[in-house]
Amino acid sequence: MSHVMRAVGSIVRANSFGSATRQRWRAGLAGLALALAAGSAPAWSNHALGTRAALAVLPEVATLAPLRVEPIDDYLADQATALEALLEREEAWARAHVPHYPARPDALRFRAAGATPAQLRQRFVAAVRINPQVRLNLYLQAAPGQGAAGRPTLPWQQVTTLPRDAVVRTGVFVALDAGARAGVLEVVASASDEPDYGMDIGLWADNGTAHGKAYGMGRQPFGNPALDYSSQAPLHMGFFHESAVVYAAAGFLERTYPEARAHLWRTLAEHALASGHDYWGWRFAGWALHYVQDLTQPFHATVLPGVGVPRMLWINALDRVGWHAPKEHAITLVSNRHLALEDIQRRGVGAALLGQVDARGLLAALADTRGDDARPRWGADDLREVVSRAAHDRADDVDAALAAGLP
């Protein structure tokens, strides 16, 4: 395969092509990559299921005392001055470590002075550049089969900004009161699903939102900027291991930022835990886990699993001469398999937790801690070089398994 890749690279770069021809090839390949990357925005359709199964076996989690629930306004009021410096350090880290990171405008710098509780929340939301409509209500997502157990519930519209979400609508959300107690596992599992509830919607300059115009993120790299869910894709996907040929044609694929999100929420989690705000420490930790989990999804780490660069170039060539069926077929397959994998995960884990199917292998895989002790301490580049790399390296095998299992 290496000699094929070298040959393809030499074709794209060949001096025998005029600059106009090379531009047409690159534009065509970029269009194909754009369509494929935009196929689907979500990763796992209910992160809480996997988080719960994975963390429930950890004694470090099981032995932690229940958390005192507090509103975000209380945390911000107590830590506002400290957060000024912390968020500045975090912005500096992102600018130094995340390739192509869109720098936060200085006007959005978090400032504590003279702010009311409502203003502190607004300033915090703007400084971390999330959707201003994000709910931030106090709640837990009930485990499958558990239901509310007699506790008051929240309507699903009170946890998400999205007007339509078939998965969230099926959930049971337990309302929490300030000062109540909640288990760490329930808090972090519930929070790990939360970034899919509209947190990263409408952040780009061409999304038609006021915050998108103010946040300095630039134009949406890929996906349809007119579709709300599509706008979160560049923050939940990470195409870090594509061919140089693909990047040369489709440089927008490098504008993906799950690393910035995961690092931000992890930093805030550590600070909240260290400052005695354990509830928000674990809730932020759940948010950070979301982006780590997103990059375990092979279809979030690879533009087109199962199709190498030579075939991508061939599909693109056929499309340019008027035979569009191979391109349409490829886009349909990648979208369908992406969604099928998510559906298998959600339904399989949910049914297994209810004891409805024999999915012990699935639960055992989520709970498997063998080899964890051999891993060094988490590093700043591990999301790219370990998590995303593993998903990318397995993408073709997963694609083949889906094709065989769901013909």
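On a predicted model such as this, the values are computed, not experimentally measured, just so you know.
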Under 3.5 Å side-chain donor-acceptor pair for [X] and [Y]:
X	Y	answer
His236	His290	yes
Arg283	Tyr279	yes
His97	Asp381	no

Would you indicate whether the side-chain heavy atoms of [Y] and [X] approach each other to under 4.5 Å?
X	Y	value
Leu86	Phe110	no
Leu341	Gln297	yes
Leu67	Val184	yes
Arg68	Asp278	no
His392	Glu242	yes
Asp177	Leu138	no
Leu402	Ile344	yes
Pro221	Thr256	no

List the atom of [X], the atom of [Y], and the distance in Å for their closest heavy-atom pair.
X	Y	value
Thr267	Glu90	OG1-OE1, 2.9 Å
Thr51	Leu185	O-CD1, 4.5 Å
Ala126	Leu108	O-CD1, 3.8 Å
Pro258	Leu383	O-CD2, 3.8 Å
Ala288	Ala262	CB-O, 3.7 Å
Asp196	Leu162	O-CD1, 3.7 Å

Answer yes or no: is there a donor N or O on one side and an acceptor on the other, between the side chain of [X] and the main chain of [Y], under 3.5 Å?
X	Y	value
Arg389	Phe240	no
Glu254	His100	no
Arg151	Ala148	yes
Ser190	Gln141	yes
Asp206	Gln220	yes
Thr302	Phe299	no
Tyr215	Ile130	yes
Asp396	Pro305	no
Asn207	Leu203	yes
Ser192	Ala189	yes

Open item on the list: For His300 together with His338, are the ring centres under 6.0 Å from each other?
Closed with: yes

Point-to-point distance, once rounded to the nearest 0.5 Å, from [atom1] of [X] to [atom2] of [Y]:
X	Y	atom1	atom2	value
Thr369	Leu55	OG1	CG	11.5 Å
Arg261	Gln232	CZ	CD	10.5 Å
Glu259	Asp382	CD	CG	10.5 Å
Leu264	Arg266	CG	CZ	12.5 Å
Arg394	Asp399	CZ	CG	15.5 Å
Tyr101	Met217	OH	CE	7.5 Å

Task: Whether Phe222 and Phe239 hold their rings parallel, tilted or perpendicular, with breakpoints at 30° and 60° - done: tilted

TODO: Return the orientation label for the Phe173 and Tyr197 ring planes: parallel under 30°, perpendicular over 60°, tilted otherwise.
DONE: perpendicular

- [ ] Report the C-alpha distance between Trp204 and Thr209 in whole Å, list the side-chain angles of each, state the deciding distance to 0.1 Å, and finish with yes or no for side-chain contact (heavy atoms from CB on, under 4.5 Å).
- [x] CA-CA 8 Å; Trp204 308 95; Thr209 64; over 6 Å; no

TODO: Would you mind listing every salt bridge (Lys or Arg N to Asp or Glu O under 4.0 Å) that reaches into residues 73-82, with sequence neighbours excluded?
DONE: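 Pairs touching residues 73-82 that pass the test: Asp73-Arg121.
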
TODO: Output every pair passing salt bridge (Lys or Arg N to Asp or Glu O under 4.0 Å) with a member in residues 91-116, not counting sequence neighbours, ordered by first then second residue.
DONE: Glu88-Arg104, Glu88-Arg109, Glu91-Arg95, Arg95-Asp106

Task: Worked verdict on Leu253 versus Val246 for side-chain contact (heavy atoms from CB on, under 4.5 Å) - done: CA-CA 9 Å; Leu253 292 176; Val246 173; 3.6 Å; yes

Task: Non-neighbouring partners of Trp287 that pass ring pair (Phe, Tyr, Trp, His ring centres under 6.0 Å), sequence neighbours left out - done: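 By the ring pair (Phe, Tyr, Trp, His ring centres under 6.0 Å) rule, Trp287 matches Trp265, Phe284.
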
Open item on the list: For a side-chain contact (heavy atoms from CB on, under 4.5 Å) check, start with the C-alpha distance between Trp44 and Thr296, then their side-chain angles and the critical distance, and finish with the verdict.
Closed with: CA-CA 9 Å; Trp44 305 115; Thr296 67; 3.2 Å; yes

Open item on the list: What verdict does the side-chain contact (heavy atoms from CB on, under 4.5 Å) test give for His47 and Asp294, after you've listed the backbone C-alpha separation in whole Å, the side-chain angles of each residue and the deciding distance to 0.1 Å?
Closed with: CA-CA 9 Å; His47 286 247; Asp294 268 4; 3.0 Å; yes

- [ ] Check whether more than 12 heavy atoms from other residues, nucleotides or ligands sit under 6.0 Å from atom CZ of Arg169, and answer yes or no.
- [x]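 It does not: Arg169 CZ has 12 such atoms or fewer within range.
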
Open item on the list: Counting neighbours of CZ on Arg135 that are heavy atoms of other residues, nucleotides or ligands and sit closer than 6.0 Å, is the number greater than 12?
Closed with: yes

